Amino acid sequence: MAKEYNFREIEQKWHRLWTELGTYRVKEDASVPKYYVLNMFPYPSGAGLHVGHPLGYIASDIYARYKRLQGFNVLNPMGYDAYGLPAEQYAIKTGQHPEKTTFANIDRYREQLDKIGFSFDWDREVRTCSPDYYHWTQWAFQKMFNSYFDEELQKAQPIEKLIEKFKAEGCWPSDEKEQSDLLMQYRLAFLGETMVNWCPKLGTVLANDEVVNGVSERGGYPVEQKKMRQWCLRVSAYAQRLLDGLDTIDWSDSIKETQRNWIGRSEGTEVEFRVADSDASFTIFTTRADTMFGVTFMVLAPESELVEQLTTEDQREAVAEYVKYVKGRTERERMIDHKVTGVFSGSYAINPFTGEKNPIWISEYVLAGYGTGAIMAVPAHDSRDYAFAKHFNLPIVPLIEGADVSEQSYDAKEGIVCNSPAAGKTPYCDLSLNGLTVKEAIAATKRYVTEKKLGRVKVNYRLRDAIFSRQRYWGEPFPVYYKNGIPTMIPEECLPLELPQVDKFLPTETGEPPLGNAQKWAWDEAARQIVDKSLIDEKNVFPIELYTMPGFAGSSAYYLRYMDPHNDKALVSDEAASYWQNVDLYVGGSEHATGHLIYSRFWNKFLFDLGVSKKDEPFQKLINQGMIQGWSSFVFRLRGTNKFVSYDLLEVQYDNEAKKNRYFYQGQEADPVYADISMVSGNVLNVEKIREWTIEFRNAEFILNESGQYIVNQAIEKMSKSKYNVVNPDDICENYGADTLRLYEMFLGPIEQSKPWDVAGIDGCFRFLKKFWLLFWDKNGELAVKDEKPSADNLKTLHKLIKKVTADIEVFSYNTSIPAFMVATTELTQQQCRSREVMEQMVILLAPFAPHIAEELYHALGHETSVCDARWPQFDEKFLVESTVTLGVQFNGKVRFSMAFAPDAKPDEMVAQVVNSEEAKRFLEGHDIVKTIAVPGRIVNIVIK
RNA sequence: GCCCAGAUGGUGGAAUUGGUAGACACGAGGGACUUAAAAUCCCUUGACCAUUGCGGUCGUACGGGUUCGAGUCCCGUUCCGGGCACCA
């Protein structure tokens, strides 16, 4: 009997031995070059790991193992992003402490991860919710609080330097409260009274990236704008560095582009407008300084502070009403319909170029948060201004030759400028732009504005400061207490400030965040410890902040912590940070493009300014694995009944208004209901099984089609517990083994592409491993490998594979290396290869992809050490040289035949070889050769007349 | 609306980046072994025509172009995916 590929036994054995032997433990070693591979750590959700999670982990594990085989000291850690909303909401529902569910989920994740055979160094595991870890999140927050951004140096500086500067300039107030308020405008972590995204349903504020299409990313609840006092991070200070850094890192163009959009750099001009019959003036921002002569009105954002100031008495009522209307609109409403609305303020602004009086309007199409919250409107060359002008009957003055603005505005930044007065013709302005291109005109106006001190050149960024506090329980507490209303940091040596226990995870009855339920939550400044709240009125006892930090706090610097996870003196020691530098390869989903990947770049840049991080950019190369989607299945319940109708019996209508399909059965409407993916095979529902699934189906009536089947409707969607389409990897590991799972996930397609999970092809990968296994054993189950010299064919097969796989791994094209393995295995089987030398290298090549089988075979070949410590095979061209390449040869695009060339043949030799061949001579006879084209080692074309 | 990436057999996807399109796998069909099934192995599998052999024609979303040669480069169109979106 041939020896069977018993993957269960092999995989269990090596999981045990790898742990016992500490195969994947890694230490800093200055004599070996480092390589840092990192996955975005998972949030341990209650649904457990699904087949989408390991996609990125497998890809990076392959790379990590490959780098190790190449002699690098590879850091490949894993941990958990353990703070999050689901655990808290579960806690609210059940009263169970979020820590308990989180830890249970972590244990489950760990168990699932262990089955897949990753080379993670689990001694370095981090959990964001553990005090040893969030100690350093709190520490970094305090450092940000105590820093400001120096515009000239373009880096963070200690706040003390700013105080020195204020003192030197004589503007340092003596009052403590005033000092605090002044510094608050500069600190990198600061308390700000700003418009925030408030989600009433979640009872918390959200960051911009947590709001998608005007509703909360988690839950999809409405979000409204509200002015609140919140902790913020001055991410916007780093806008230019965040933008510049993109040019130094190896990320996909689309992610870089997304970040560039998010940062939204815009070069323009700020111009000051005086208000007629008043001492007031205000500044506007424009990118189209060339259109100064086309301004016909001005617009203020309804939230702007100028509104109050510039509204005249007779317009006061109308303006108040309009502002009230705008406030009543949610973010989503404002996004969905761009209604043209507005009100006249009663005031006029004087155009500094023309002296004309332009009416000042107030409209919601101008945003308070961008630029100065006020614009000059040029209806001829801006479509929004145009719509507004048409609606309110305001004049439109075109400024570009040939621009027809009778139907729509001409927004393009091109053309020749006209309609500006000749130089010196107005008493206000001796600038003429006529005849210039738009680009020249912008530049000329910028110069003019700067010279005449009418304003200044300005760069604006769309990037906003990040709202950094949340009204929730399950997050890092702020190490802050309020001393007479002044936010004060808990001394660094008293960190971490541990999350207090509470009996209820909901807000308090007085509307305080959940931490308001904690009784022992006050800071005794003298004793330097947490004390009971009831002592607050006593001397030196002050209330502690009730907000907690958002989800991205803990995930912003975790890659630094992996370098030195047990250090209780620092986030990371200088030695460890100097050795590991930054992450060489980061793998994760592209959905974090505007969240985590901006925040951690910001966070790292700050720590770089502090000297803690050694690189300005945290993640040198980024690979975005695609999402593995699930097949959701729907059954259809007739409205108001407990009857379910087979999908093929339904009539489908598209509802244009609701933008979705509606379903009817004999005139009765049916609603789709999710059915668990495990109840369905193909598109046929297992009716018996679904009856057992939930009570809802137990006594349901199923209306089947003619063949007696219940057909479900299927859709490809993101895998999620609530869609009942989650496929977990455990079953695959059980039935096929982890090595097959690993191969198959890579074989599915390019790593960066999203694709639905489909087990249909998995047998191919399993068969390959079985064939590979059988290469090593004879019919009696004895090792078939001998110390014999490899044949030329053996070496050719091997080196073809080395070349292909090495090149593939370097560019993460794993899906094409697996076919190469299959071909090589088939070839070696046919060649009946028995050479130890060849077989051993085959094993090493396979080791990154299928580590269990490789380890087993490596030991079967007589090695005592792990295959992880072998050396990656070196490709040698000489084993391929004796082969020939067959190529097509074409005469005048008509005649074609084949000829063999040596792969290193020179173009001239190739042409001569073709021309002198008997076959070619027949065709060439009586023709003139017009030209010959030869591609080195590839192809020859001969054009004849 | 703007920006970015795509479109290749029944399916997932290859194609040395301008050089024999469809590797490899799945599925399907046929065959071998077997009492039978599973497993395994072999053959066929883009379409059409010819199949007595050779073969031939058309084919990479659509329409043009550059080139001896285009899935690949250029221009235009359609469709799908992603990002941003009153950002002045």
Side-chain angles (χ1 to χ4, degrees), chain A residues 2 4 212-213 252-266 268-269 284-289 291 299 301 334-335 337-340 363-367 369-378 381-385 387-388 411 460-464 590-591 593-594 624 626-627 743-744 747-750 752-756 758-768 770-771 774 803-804 807 813 815-823 826 829 885-894 896-898 903 930-944:
Chain A
E4 197 196 342
V212 178
N213 292 328
S252 76
D253 289 340
S254 64
I255 286 267
K256 284 191 189 180
E257 199 58 31
T258 301
Q259 291 217 342
R260 283 193 193 104
N261 279 340
W262 192 257
I263 296 166
R265 183 192 150 100
S266 154
T269 317
I284 58 90
F285 173 81
T286 180
T287 54
R288 293 295 300 275
T291 58
V299 190
R334 275 178 89 163
M335 270 173 99
D337 65 332
H338 293 168
K339 277 190 207 154
V340 182
S363 173
E364 59 179 325
Y365 85 88
V366 173
L367 303 176
Y370 184 75
T372 60
I375 61 150
M376 62 178 209
V378 186
H381 303 294
D382 182 286
S383 49
R384 298 154 300 182
D385 297 345
F388 195 82
D411 289 18
N460 262 338
Y461 300 91
R462 189 155 56 210
L463 185 68
R464 313 278 178 85
S590 56
E591 66 272 21
T594 51
N624 297 115
M627 218 186 307
L743 286 180
Y744 184 58
F747 181 71
L748 268 176
E752 306 205 296
Q753 196 169 299
S754 288
K755 53 235 155 187
D758 182 2
V759 280
I762 200 165
D763 285 325
C765 289
F766 187 55
R767 278 180 206 140
F768 157 68
K770 279 198 278 191
K771 281 182 209 165
L774 286 175
K803 187 180 181 184
K804 174 76 178 147
S813 175
N815 59 318
T816 57
S817 347
I818 291 160
F821 273 111
M822 293 176 178
V823 171
T826 307
T829 306
V885 184
T886 306
L887 297 157
V889 179
Q890 211 164 15
F891 288 86
N892 212 11
K894 291 255 165 57
R896 184 193 283 173
F897 61 93
S898 293
V930 176
K931 65 173 165 180
T932 61
I933 298 140
V935 180
R938 302 227 124 262
I939 202 159
V940 175
N941 280 286
I942 296 172
V943 184
I944 52 176

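The model shown is predicted, which means the values in this text are computed figures rather than measured ones. Quick note on labels: first sequence line is chain A, next is B, and so on, each numbered from 1.
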OG1 of A:Thr826 to CZ of A:Phe768: how many Å apart, nearest 0.5 Å? 8.5 Å
Between P on B:C84 and CD1 on A:Ile255, what's the gap in Å once rounded to a whole number? 11 Å
What nucleic acid atoms does A:Lys804 come within less than 4.0 Å of, heavy atoms only: base, sugar-phosphate, or nothing? nothing
Of all the nucleotides listed (B:G13, B:C24, B:A88), which has the minimum atom distance to the side chain of A:Phe285? B:A88
Using the P atom as the point on both nucleotides, what is the distance between B:A21 and B:G56, in whole Å? 13 Å
When rounded to the nearest 0.5 angstrom, what is the spacing between CG in A:Asp385 and OG in A:Ser363? 9.5 Å
Distance in angstrom units between A:Arg462 CZ and B:A85 P, rounded: 6 Å
For A:Tyr744 and B:C26, give me the distance from atom OH to atom C1', rounded to whole Å. 8 Å
Can you tell me how far P of B:A39 sits from CG of A:Asp763, to the nearest Å? 8 Å
Over all strands shown, is A:Val366 touching base, sugar-phosphate only, or nothing at heavy-atom distances under 4.0 angstrom? base
Nearest non-hydrogen partners of A:Val366 and A:Gly373, listed with the distance: CG1-O, 3.7 Å
Of the nucleotides B:A14, B:C84, B:U40, which one has an atom closest to the side chain of A:Arg767? B:U40
With a 4.0 Å cut-off on heavy atoms, is A:Phe747 in touch with a base, just the backbone sugar-phosphate, or nothing at all? base
Write down the distance between CD (A:Glu752) and P (B:G13), rounded to a whole number of angstrom. 14 Å
Base, sugar-phosphate, or nothing: which does A:Lys339 touch, judged by heavy atoms less than 4.0 Å apart? base
For atom C1', what is the distance between B:U78 and B:A85, given to the nearest Å? 24 Å
Mind checking ring pair (Phe, Tyr, Trp, His ring centres under 6.0 Å) for A:Phe388 and listing every partner two or more places apart, or none if nothing turns up? A:Phe297, A:Trp361, A:Tyr365, A:Phe392
Just label B:G31 as syn or anti from its O4'-C1'-N9-C4 or O4'-C1'-N1-C2 angle, using within 90° of 0 for syn. anti
Across the strands shown, which category fits A:Asp758 at heavy-atom distances under 4.0 angstrom: base, sugar-phosphate, nothing? nothing
Non-neighbouring partners of A:Arg260 that pass side chain to side chain contact (heavy atoms under 4.5 Å, CB included), sequence neighbours left out: A:Leu243, A:Leu246, A:Asp247, A:Lys256, A:Glu257
5'-most contact on RNA chain B (nearest-nucleotide basis), A:Gly764 vs A:Ala374, goes to A:Gly764
Would you give the length of the straight line joining atom OG1 of A:Thr258 to atom CD1 of A:Ile263, rounded to the nearest 0.5 angstrom? 11.0 Å
On RNA chain B, more 5' by nearest nucleotide between A:Met822 and A:Arg288 is A:Met822
For A:Leu743 and B:C24, what is the distance between atoms CG and C1' respectively, to the nearest whole Å? 13 Å
Which part of the nucleic acid does A:Leu748 contact within heavy-atom distance under 4.0 Å: base, sugar-phosphate only, or nothing? sugar-phosphate
Which value, in whole Å, describes the distance between the P atoms of nucleotides B:A25 and B:U77? 42 Å
Looking for any heavy atom pair under 4.0 Å, which part of the strands does A:Arg464 touch: base, sugar-phosphate only, or nothing? base
Identify which nucleotide among B:G13, B:A14, B:U40 has an atom closest to any side-chain atom of A:Thr816, counting heavy atoms from C-beta outward. B:A14
Check whether any side-chain nitrogen or oxygen of A:Tyr365 sits under 4.0 Å from OP1 or OP2 of B:A88, and answer yes or no. no
For atom P, what is the distance between B:U72 and B:G1, given to the nearest Å? 27 Å
Could you tell me whether A:Gln753 contacts a base, only the sugar-phosphate backbone, or nothing, with contacts defined as non-hydrogen atoms closer than 4.0 Å? sugar-phosphate
For B:U34 versus B:A28, give the span between their C1' atoms, rounded off to a whole number of Å. 23 Å
Please state how far atom CG in A:Asn460 lies from atom C1' in B:A88, giving the value in whole angstrom units. 10 Å
Name the closest nucleotide to the A:Lys771 side chain, picking from B:C24, B:C41, B:C84. B:C41
Nearest listed nucleotide, side chain of A:Thr258, among B:A88, B:G83, B:A15: B:G83
Do A:Arg288 and A:Val378 touch side chain to side chain, with heavy atoms closer than 4.5 Å? no
In which stems does RNA chain B show up, taking only runs of three or more Watson-Crick or G-U wobble pairs whose two distances fall under 3.5 Å? B:1-4 with B:81-84, B:10-12 with B:24-26, B:27-32 with B:40-45, B:46-49 with B:55-58, B:61-65 with B:73-77
Gap separating the OG1 atom of A:Thr372 from the CD1 atom of A:Ile284, nearest 0.5 angstrom: 6.5 Å
Checking A:Phe821 now: which residues fulfil ring pair (Phe, Tyr, Trp, His ring centres under 6.0 Å) with it, not counting sequence neighbours? A:Phe849
Using atom CZ of A:Arg265 as one end and atom C1' of B:C84 as the other, report the distance to the nearest whole Å. 18 Å
Could you work out, with side-chain hydrogen bond (donor to acceptor under 3.5 Å, both in side chains) as the rule, every residue matching A:Asn624, not counting sequence neighbours? none
Are A:Ser754 and B:G82 close enough that a side-chain N or O sits under 4.0 Å from OP1 or OP2? no
What integer number of Å spans the P atoms of B:G81 and B:G31? 44 Å
Return the CG to CZ distance between A:Asn460 and A:Phe285, rounded to the nearest 0.5 Å. 4.0 Å
Would you say that A:Leu748 contacts A:Gln753 through its side chain, given a criterion of any heavy-atom pair below 4.5 Å between the two side chains? no
Can you check the distance between B:C80 and B:A7, where both ends of the measurement are the C1' atom (answer in whole Å)? 8 Å
For the side chain of A:Thr594, starting at C-beta, report the closest nucleotide among B:A88, B:C84, B:C24. B:C84
Would you list the protein and nucleotides 1-8 of chain B atom pairs, both N or O, that sit under 3.5 Å from each other?
| unit_1 | atom_1 | unit_2 | atom_2 | d |
| --- | --- | --- | --- | --- |
| B:C3 | O2' | A:Glu257 | OE2 | 3.1 |

Rounding to the closest angstrom, what is the interatomic distance between B:C33 and B:A38 at atom P? 16 Å
What distance separates A:Ser817 OG from A:Met822 CE, expressed to the nearest 0.5 Å? 11.0 Å
When you check the glycosidic angle of B:U17, does it come out syn, meaning within 90° of 0, or anti? syn
Quick check for you: among B:C86, B:G13, B:C84, whose closest atom lies nearest to any side-chain atom of A:Pro750? B:G13
